[in-house]
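Here is the structure we will look at, set down as structure tokens.
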Amino acid sequence: MPWGDELKTVKKLLPILCVSVISAVFIFSFVKDMYSEKTQYGFACGSEVKVTVFGTKDGEGKAKSAIDEINRLDSIVLSDTLKTSAVFKLNENGEYTDDSGELVSYINECADLISNCGEMTLLSKPISDIWNISGGGSIPSDEELADAVKKADMKNLSVSGNKITLLNGGKMSFGAFGKGTVCEKGVNTLKNSGAKGGIVTVGGTVGVFGKCGKSDPVTVGVRDPFGGAGEYFATVDVNDCYLSTSGDYEKYFEKDGKRYCHIFDATTALPVDSDITSVTVIANGGALSDFLSTAIFILGEDGLTLAEKYNAQCIIVKKDKSVIISKELEGSFKLTDSGFSVSAV
Amino acid sequence: MKKLFTKWDFIIILICLCLSVLLFALRPNENGNEAVIRVDGKEYKTVDINGADTDEITVNGVTVVYGGGEIYIKDSSCRDKICVNAGHLSKKGQSAVCAPSRVSVEIKNNGKNAPRAVTG
Ligand SMILES: [Zn+2]
């Protein structure tokens with residue numbers, strides 16, 4: 001009977017079919033896993049570093065190399081606390097010959113940005129030292145403040161070829177730029193490794209590039225300045241950019257009911273004290289977004305013209321929970337906490 | 001007429017079913033009442049923070065307390081105490097980091113709409 005023959009064939013094929021299906025599922029999940037996103041963690045610039053890589057083989061290895069590169073840049077070049085770094089040696093000896101030219105190029109990039117904002121300096125260490133916020137905080141005398149202002153003046157920094165010299169007690173700190181600078185380095189390391197997309201987080205500075213799988217565009221939370229670490233009051237959807245936030249809520253000390261934050265006006269050596277509690281900037285460079293968030297935190301809404309100049313967008317949160325966002329962010333910016341009121345400029 | 005399925009066919013079908021159930025069960029967990037403690041960037045321990053009793057772990061000079069729906073860094077040998085000042089964490093995605101001691105604590109957030117990063 002022909003029908004019986006067919007049945008026999010089906011019956012013979014059934015095990016083979018099952019085995020093929022199982023193998024296919026395994027191979028598919030194996031390949032999918034090989035190319036799925038991979039995340040690695042580390043530490044740099046006094047913060048946690050998180051690197052996620054998308055759409056590539058050996059994502060784990062690539063994420064690790066990005067973290068290694070971030071660590072190298074922090075510990076060998078930019079840190080002002082690690083004895084191994086060029087900046088530390090420069091501060092110790094008052095001069096440094098930068099054979100690789102790496103530090104000089106970062107100094108030039110940051111000095112260029114700072115020329116837009118006289119309230120910022122790359123020689124901020126004399127100011128942060130007298131306030132000693134990481135050691136619990138102390139309020140300096142008027143003489144100490146005046147002295148720190150003089151030392152922190154950018155005029156005390158001279159770069160000639162590969163030779164860097166500090167004058168009149170100036171001491172360098174990449175504090176306001178460090179996270180953004182190393183974040184950008186991490187992103188570029190991933191790009192060069194052939195990753196299709198990635199997210200690099202150094203403390204509160206976030207770099208996003210390329211195609212990030214199902215996460216595309218990437219949703220980034222904006223820290224709630226009135227909430228705890230990791231809490232956010234809004235989100236923004238982004239592609240290919242850097243986000244930095246400067247706020248008065250993370251590093252500060254309180255004395256007699258007054259809060260002294262870690263962001264200083266270089267012209268007075270005083271902590272910034274305004275109606276703004278945090279500024280988030282979205283820009284196309286890490287050092288740039290770090291610079292702009294700090295500058296706008298210091299300058300207030302006057303700083304918005306700076307953001308325009310660099311094609312950056314910002315989110316300014318005031319102490320009364322009113323929020324000002326750049327017009328370009330309408331659509332991608334979403335409040336997740338209804339306690340805030342938003343207006344666009 | 002012969003039986004349509006033999007014993008072996010059934011076994012193979014059963015294996016297929018088991019495997020699919022297994023794959024389904026092993027998919028990433030989306031609701032997190034779990035927190036991960038990382039040391040030097042590597043997962044050190046994942047803990048359930050919803051236990052009725054509180055527990056304590058000390059690693060690299062950092063004392064982490066968890067239970068009763070929260071987790072926090074109670075004490076640390078570091079100088080800046082940023083980690084202790086991060087306070088008690090109870091919401092998904094919240095974290096406390098002690099960079100000098102290279103220890104971090106984070107409440108897992110695998111939700112679909114969870115942001116991939118937080119700037120701040
Ligand atoms: Zn700590």
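Residue numbers start from 1 in every chain, and the chains themselves are labelled A, B, ... in the order their sequence lines are given, proteins ahead of strands. Reckoned from all heavy atoms, side chains included, excluding hydrogens, waters and symmetry mates.
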Taking all atoms of both residues into account, what is the closest heavy-atom pair of A:Y41 and B:E106, and its distance? OH-OE1, 3.8 Å
Scored by heavy-atom pairs under 4.5 Å with chain A, the best of B:A96, B:P100, B:S104, B:A86 is B:S104
Provide the full list of ring-ring contact (aromatic ring centres under 6.0 Å, His included) pairs with a residue in residues 65-100 of chain B, sequence neighbours left out, each pair given once. B:Y72-B:H88
Counting only non-hydrogen atoms closer than 4.5 Å, does B:C78 touch chain A with its backbone (N, CA, C, O), its side chain (CB onward), both, or neither? neither
What residues of residues 222-229 of chain A sit under 4.5 Å from chain B when only non-hydrogen atoms are counted? A:V222, A:R223, A:G228, A:A229
Using the side-chain contact (heavy atoms from CB on, under 4.5 Å) rule, pick out the option among A:T201, A:V220, A:V208, A:T52 that qualifies with B:R116. A:T52
Would you mind checking which part of A:V206 comes under 4.5 Å of any heavy atom in chain B, side chain (CB onward), backbone (N, CA, C, O), both or neither? side chain
Side chain from CB out, backbone as N, CA, C, O: work out which of these in B:E43 comes under 4.5 Å of a heavy atom of chain A, or both, or neither. neither
With no hydrogens and no angle check, is any side-chain donor or acceptor of B:T119 less than 3.5 Å from a backbone partner on A:G204? yes
Select one option (side chain, backbone, both, neither) describing which atoms of B:V105 are under 4.5 Å from chain A's heavy atoms. neither
Minimum-distance pair of heavy atoms, taken over all atoms of A:F43 and B:V103: CZ-N, 3.6 Å
Under a 4.5 Å heavy-atom cut-off, does chain B meet the side chain of A:S278, its backbone, both or neither? neither
Atom NZ of B:K91 with >12 non-hydrogen neighbours under 6.0 angstrom: no
For chain B, which residues of residues 236-246 of chain A have heavy atoms nearer than 4.5 angstrom: A:L243, A:S244, A:T245
Only heavy atoms, only distances under 4.5 angstrom. Which residues in residues 209-219 of chain A are near chain B? A:S215, A:V218, A:T219
Is the shortest side-chain heavy-atom distance between A:Y232 and B:P115 below 4.5 Å? yes
At a 4.5 Å cut-off on heavy atoms, which part of B:R38 comes close to chain A: side chain, backbone, both, or neither? side chain
Interatomic distance, A:E231 atom CD to B:L89 atom CG [nearest 0.5 angstrom]: 9.0 Å
